[in-house]
Structure formats: C-alpha cells, structure tokens
Novice: 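Take this structure first; my questions come after.
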Amino acid sequence: MSHRLLPDGVSAQDVQAECLNRMARRESTGLRSNVLGMLLVVVVLGPSLPTWLVGGFVLLRLAVLGFLQGLTRRIQRIGAAEAMAQGLDRKMVLGLSASGLTWGLLAWMLADIPRWGLPDQLMMMLLTVTSAMALIVTAHLGRGMVAFNGGLWSVALTRFLSEPLATSWPLLVSLAVYMVVLWLFGRQLHAQAREAVIADLRNRHLAAALEDSNAQLQQALDQAMALATKDPLTQVLNRRAFLERAHLEAAAMQRENTTASLLLLDLDHFKAVNDRHGHATGDLVLQQACASVKACLREVDVLARWGGEEFLLLLPRTELAGALQVAERIRTSLERAQHPDWPAGLALTASIGIAPWPAALPVEQAISLADKALYRAKGMGRNRIDIWP
Ligand SMILES: Nc1nc2c(ncn2[C@@H]2O[C@H](COP(=O)(O)OP(=O)(O)OP(=O)(O)O)[C@@H](O)[C@H]2O)c(=O)[nH]1
C-alpha cells in the first residue's frame, strides 16, 4: 500500500501524520468506555478472584490507559507531524501492545474462575471480540494493530502452549486460522482508512490551491479594473470611467431634479515645467497637483484626468455659486502649493473653466462649454477662473 503513487501535493509523511492524528483522536475518545469496562471487571471478578489479583489488574490497566491518554493529548497538542519527529508514534505502538497484553491477562483471569466452567472457550470468546474491536480502533496505525494483537494473543498462546499438545491442538489450529482471517481483515481496514486519509488530504490540498488561484484571479481582476478605470500616473479616473460615472450621475440628477457643475482645469505653462526640470519632475508635479485638487473636493465630487495636464471635475448638486467657491479654493491651493521635493523656483498655477450641467444637457455638451470657459480664462492671462456663459 505504502508504495502506491500518492496524488499531487500529498506526501507520505503527511499521510502518516494524519493517520497518527486520527488514531490519537479515536484513542482519546475511548477513555469513558475503558473506565466503565474496568468497573465491570471489578464487579464481576471481585467476588470470584483474590483482591490482590483484581486490584493488580486494575492498577496495571490504569497505568496503560494513563500512558495512552497522556500520549494522545500530547500528540494533539503538538500536532501529529511534530509528534512523529519526536517518535511518539513508536510510543503509541508500545502503549497499544501493553494494552493488548492487559486484555489478554483479563481473558486468562476470566478463564480461571472455576465455577464458570468452559475456561478456554470463554477466553477465546473474549479474545476474538477484543481483537476484532481493536482492529477497528487502530485501523489507521498498521503497526499499532499488530502490536495490540501481538500483546493480546501472546497471553493465549502462552496458555495453550503450556497445555499438552494432545488436548490443545484444536484450539491452536483454530487460533492459527483466526490469525489469518484477522490479518486479512486488518490489512483491508488499514488500506481503507489510509485511502480515506489520502482522499481528505488531496481535497484539502485542492481546496487550498483553489483558494490560492481565486485570490490571484481576484488580484488580476482588481488590477485590470484599475487599469481600465484609472489613470496610471495620478490614480484618478480616466476619461472613459468619468463618462460612465457622469451618465450614472445624470440619471440621479433627473430623479432628484438637481443641477451639477463641471470644472475643466488646465495647469498653466506646463510645457515649461517639463522643459526646465525634466519629464520626471513634470510627472511628480502632476501627481502632487492632482492630490492638491482632490484635497479641495467632497467625497461625492468626481475627479478625472481628461488629458495631459488637464483635469475634469464633476460637482453633483452644486450650483454655479458653489462651483465658483470650489474653483477658487483649488486655484489658490495650487498657486500656494510648495512641495519639499520640487525644484527651487517652480511655480504652479492653473486656469479653470466652469459650466453648469443641468440634467437635460448631454454631458459631452456641458464639457465643451466648460472648455470654452477655460479657453477664455487662458486668453485672459491664465491663473484665473471663467464661467460659461
Ligand atoms: N511630465 C508630463 N508631462 C505631460 C504629461 N502629459 C502632458 N504633458 C506635457 O504637458 C505639456 C502641455 O503643454 P501645452 O499643451 O503646450 O500647454 P502648457 O505648456 O501647459 O501651456 P498652457 O496650457 O497654454 O498654459 C506638454 O509639454 C506635455 O508634454 C505627463 O503625463 N507627464
């Protein structure tokens, strides 16, 4: 089984660790039934066997149980992979073999109660039931299965071999046959348990890979969306996104029966900035000028880069008087703008054209009116505001 090819993303160590993990989980849930079983032993065997024998057995069983419980808690606390690295799986096998041995001893004690008769048959019955149940509990740990059954049946073997062969041979033969059946059944159970673990690990791996590729896809989608809607230099909306937004705004304006204003802003003599200080500085100035403009706006206002050094602003629910105030705020803020990383002597001003935008007017026409106002502002000497008409 262990030589079978494992699916992608699942290593043999992962499988072993998960098997140990499940074995530990199963073992830890058996505590209550084990304690109940011991109580039963005390009640049933107490009156028939010497107290020291019953007491000794209970102590022995408690010691084995304590060992196994401590071990499973530790495995669950530090994780199965670390537990394997610390060799706790070998200790688990050891504990299981001790546990099998105690069950074997119990069977021997039961068989020796004189008034119950049928000594060996009773013993065999208890052993077969115990070993079959143990296979189910230890199905994930192949060596654990062998260890438990080894401990369990070694007691029976010792007993039968100590009797004359002439009387014990039928039991020895049936024991040998049962061992073979047990072996085959155990192998099958172990293979099934391991298959289930591999399938779970593969699913876990696939789910993680899927989550990963989903995250990558989402990231690519976000990037594509940003590329499609934002100007890469200033990170404000591009032309296309502005027009889309303006059409949405027009619908809202119609519903609410309000008017907006459009501002077209153009930095003055920007060519000179590039020529004097270089294109890289020009880019930096553009970014910072854009940030200064943005700082003068409300959340609901829309800012877009309309061309090289030209920006378009949409102020929803704003009449011309309000638009003029905003434009003046922007103009003075740019005029006063000084950034530590700008070269000395760099002065920045902007001209702004304003046009009213009633809902009934197509946005393209309102933009062209703002453009006309801007043209007039430029013509009148720049660093000023003009309102259309
Ligand atoms: N650094 C940089 N410069 C840009 C960018 N886009 C446009 N420009 C420059 O902006 C300048 C615009 O120059 P013009 O259209 O002549 O206008 P201007 O010099 O600003 O003069 P007026 O608008 O008439 O005041 C050109 O030199 C463009 O190269 C950009 O993304 N980065």
Side-chain angles (χ1 to χ4, degrees), residues 222-246 261-297 301-315 320 323-357 363-389:
D222 291 347
Q223 276 171 1
M225 280 291 285
L227 277 179
T229 58
K230 284 191 178 163
D231 166 54
L233 181 70
T234 57
Q235 295 301 312
V236 295
L237 296 186
N238 60 20
R239 252 174 191 259
R240 203 173 63 94
F242 178 89
L243 288 175
E244 265 176 27
R245 179 74 188 272
S261 293
L262 284 180
L263 276 65
L264 194 58
L265 177 154
D266 189 284
L267 299 177
D268 297 328
H269 300 304
F270 196 70
K271 187 173 180 308
V273 175
N274 272 331
D275 291 348
R276 241 176 259 154
H277 307 287
H279 208 266
T281 304
D283 279 356
L284 190 70
V285 172
L286 266 178
Q287 284 173 326
Q288 289 171 340
C290 184
S292 301
V293 172
K294 205 168 183 181
C296 298
L297 300 177
D301 298 335
V302 185
L303 171 62
R305 189 170 177 202
W306 199 242
E309 21 61 281
E310 206 171 35
F311 295 89
L312 186 56
L313 294 81
L314 190 175
L315 313 184
L320 281 181
L324 187 61
Q325 276 182 15
V326 175
E328 185 53 28
R329 198 158 64 228
I330 293 173
R331 193 193 65 75
T332 45
S333 127
L334 287 176
E335 194 179 34
R336 288 180 197 148
Q338 266 309 322
H339 287 273
D341 32 4
W342 283 7
L346 191 149
L348 194 67
T349 59
S351 303
I352 303 172
I354 306 177
W357 182 31
V363 68
E364 292 80 4
Q365 282 184 30
I367 294 171
S368 110
L369 296 181
D371 194 31
K372 284 185 176 143
L374 171 65
Y375 186 76
R376 277 199 321 223
K378 288 272 181 186
M380 283 189 291
R382 296 177 174 77
N383 191 18
R384 63 188 64 231
I385 300 162
D386 199 291
I387 302 178
W388 191 266

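Atoms within a ligand are numbered from 1 in the order they appear, just like the ligands themselves. Not measured: the values here are computed from a predicted model.
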Novice: With sequence neighbours excluded, what pairs up with L324 under the side chain to side chain contact (heavy atoms under 4.5 Å, CB included) test?
Specialist: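 If we apply the side chain to side chain contact (heavy atoms under 4.5 Å, CB included) test to L324, skipping adjacent residues, the hits are I354, I385, I387.
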Novice: Between ligand 1 and the protein, which N/O pairs fall short of 3.5 Å?
Specialist:
| unit_1 | atom_1 | unit_2 | atom_2 | d |
| --- | --- | --- | --- | --- |
| ligand 1 | 1 (N) | N274 | OD1 | 3.0 |
| ligand 1 | 1 (N) | H279 | O | 3.2 |
| ligand 1 | 1 (N) | D283 | N | 3.3 |
| ligand 1 | 1 (N) | D283 | OD1 | 3.0 |
| ligand 1 | 3 (N) | N274 | ND2 | 2.8 |
| ligand 1 | 19 (O) | F270 | N | 3.1 |
| ligand 1 | 19 (O) | K271 | N | 2.8 |
| ligand 1 | 20 (O) | L267 | O | 3.2 |
| ligand 1 | 20 (O) | H269 | N | 3.4 |
| ligand 1 | 20 (O) | F270 | N | 2.6 |
| ligand 1 | 20 (O) | E309 | OE2 | 3.0 |
| ligand 1 | 21 (O) | H269 | N | 3.4 |
| ligand 1 | 23 (O) | D266 | OD1 | 3.0 |
| ligand 1 | 23 (O) | K378 | NZ | 2.9 |
| ligand 1 | 24 (O) | R382 | NH2 | 2.9 |
| ligand 1 | 25 (O) | H269 | N | 2.8 |
| ligand 1 | 25 (O) | K378 | NZ | 2.9 |
| ligand 1 | 25 (O) | R382 | NE | 2.9 |
| ligand 1 | 31 (O) | R305 | NH2 | 2.7 |
| ligand 1 | 32 (N) | D283 | OD1 | 2.6 |

Novice: Strictly distance-based, threshold 3.5 Å: is any side-chain N or O of R331 a donor or acceptor partner for the main-chain N or O of I352?
Specialist: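 Looks like no, no N/O pair under 3.5 Å.
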Novice: Would you mind listing every side-chain hydrogen bond (donor to acceptor under 3.5 Å, both in side chains) that reaches into residues 226-238, with sequence neighbours excluded?
Specialist: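 Output for this query lists D231-T234, D231-R305.
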Novice: Does the side chain of F242 reach to within under 4.5 Å of the side chain of L312, using non-hydrogen atoms?
Specialist: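 Yes, side chains in contact.
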Novice: Using the side chain to side chain donor-acceptor pair (under 3.5 Å) criterion, which residues pair with D386? Sequence neighbours excluded.
Specialist: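 R376.
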Novice: For residues L265 and L267, determine if any side-chain heavy atom of one lies less than 4.5 Å from a side-chain heavy atom of the other.
Specialist: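 Side chain of L265 against side chain of L267, heavy atoms only: contact under 4.5 Å found.
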